[in-house]
Amino acid sequence: MLIKRKKSDTSGRMLMMGYFKSVFSEQFRSIRANINFSIKDKGAKTLLITSASVGEGKSTIASNLGVAFAQEGKKVLLIDADLRKPTMHFTFNQFISPGITNLLLSNWSIEDVVKDSGIKGLHIITCGPIPSNPAELISHRSMDQFIAEAKKKYDLIIFDAPPLLSVADAQVLSEKCDGTIVVVSLGKTEKRNMVKAIEALQHSKANIVGAVLNNYKLDKNHHYYEAYVETE
């Protein structure tokens, strides 16, 4: 699964918003189709998006996949589970609190912390106050209870989790999710780090759905297709 970008694109850009017919949006729809095929008939409702290391684009991928699945007609909940360096509140221009930590620490309800993304079918839960013990909070039974309740309300729940090699959070959360997708940044992700990330997921018995190759540069042969898609 590839995400192709031009050199002028920024890492935090919401490609699926305002570029519905662009080649970039087509790439996310292609990833969506591959995910649907991978989890077909498995009843999977929770997806974890992570990467091996920092700065490989996993938050951008998670946000745009949330938009892509919502455009398909699903009721989607996108959660900022990066409780150390959250970014979703910036992406969707929301307050960081209340968020998932309020729910996990204070027994708030989903309705108390969920936010409207501004996109039909897509709701978000931001981080909330940054906790002192993220890994312990993610592994607590309150997270299991939250996931069970969210599955009753939404067709798909997407977690944007921290990088696997930085902290234990993603590894812990991957065990609770139906599927995990690893984002790989072309020219940045080191092979040895990717191997270590996969081994960490296998150790936690995560269901690895696949990988997304980010920052794959478009060559000149794609310009015609891009123009065709945008004017179709």
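Nothing fancy with the numbering, it's 1 onward along the sequence.
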Next on the checklist: Side-chain heavy atoms under 4.5 Å apart, restricted to Ile/Leu/Val/Met/Phe/Trp/Tyr: what other residues fall into the cluster of Val54, or is it alone?
Outcome noted: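 Its cluster partners, ordered by chain and number, are none at all.
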Checklist outcome for this item: Students should find that the hydrophobic cluster of Ile96, defined by side-chain heavy atoms under 4.5 Å apart, otherwise consists of none
Could you name each residue pair satisfying salt bridge (Lys or Arg N to Asp or Glu O under 4.0 Å) that touches [range], not counting sequence neighbours?
range: residues 87-112; result: Glu111-Lys153
range: residues 46-68; result: Lys58-Asp82, Lys58-Asp160
range: residues 163-183; result: Arg84-Asp169, Asp144-Lys176, Lys151-Asp178
range: residues 97-108; result: none

Item to check | Qualifying ring-ring contact (aromatic ring centres under 6.0 Å, His included) pairs with a residue from residues 152-198, counting only residues at least two apart or across chains | outcome: His123-Tyr154
Checklist entry - Can you list every ring-ring contact (aromatic ring centres under 6.0 Å, His included) pair that touches residues 44-73, not counting sequence neighbours? => result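 For residues 44-73: none.
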Item to check | Leu156 with Ile110, same ILVMFWY side-chain cluster at under 4.5 Å | outcome: no
Item to check | hydrophobic_cluster_shared for Trp108 and Ile138, side chain cutoff 4.5 Å | outcome: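 Shared cluster, yes.
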Would you list the atom pairs, donor with acceptor, under 3.5 Å between side chains in residues 192-205 and any protein atom, with sequence neighbours excluded?
{"unit_1": "Arg192", "atom_1": "NE", "unit_2": "Glu190", "atom_2": "OE1", "d": "2.9"}
{"unit_1": "Arg192", "atom_1": "NH2", "unit_2": "Glu190", "atom_2": "OE1", "d": "3.4"}
{"unit_1": "Ser204", "atom_1": "OG", "unit_2": "Ser174", "atom_2": "OG", "d": "3.1"}
{"unit_1": "Ser204", "atom_1": "OG", "unit_2": "Ala200", "atom_2": "O", "d": "3.4"}
{"unit_1": "Ser204", "atom_1": "OG", "unit_2": "Leu201", "atom_2": "O", "d": "2.9"}

Checklist entry - Which residues satisfy the ring-ring contact (aromatic ring centres under 6.0 Å, His included) test with Phe146, sequence neighbours excluded? => result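 Per chain and number, Phe146 pairs via ring-ring contact (aromatic ring centres under 6.0 Å, His included) with no residue.
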Checklist entry - With respect to Leu48, which candidate in Ile181, Asn207, Leu173 satisfies the side chain to side chain contact (heavy atoms under 4.5 Å, CB included) definition? => result Leu173
Next on the checklist: List the residues meeting salt bridge (charged side-chain N to carboxylate O under 4.0 Å, His left out) with Lys45, not counting sequence neighbours, and say none if there are none.
Outcome noted: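 With neighbours one apart ignored, the set is empty.
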Item to check | Verdict with supporting geometry, Thr101 and Leu83, side-chain contact (heavy atoms from CB on, under 4.5 Å) | outcome: CA-CA 8 Å; Thr101 57; Leu83 306 185; 4.0 Å; yes
Checklist entry - Quick one: do Lys152 and Glu149 make a salt bridge, cutoff under 4.0 Å? => result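 Judged by the 4.0 Å cut-off on N to carboxylate O distance, Lys152 and Glu149 do not form a salt bridge.
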Next on the checklist: Just to verify, what does Ser185 make a side chain to side chain donor-acceptor pair (under 3.5 Å) with, not counting sequence neighbours?
Outcome noted: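 So Ser185 forms a side chain to side chain donor-acceptor pair (under 3.5 Å) with Asn215.
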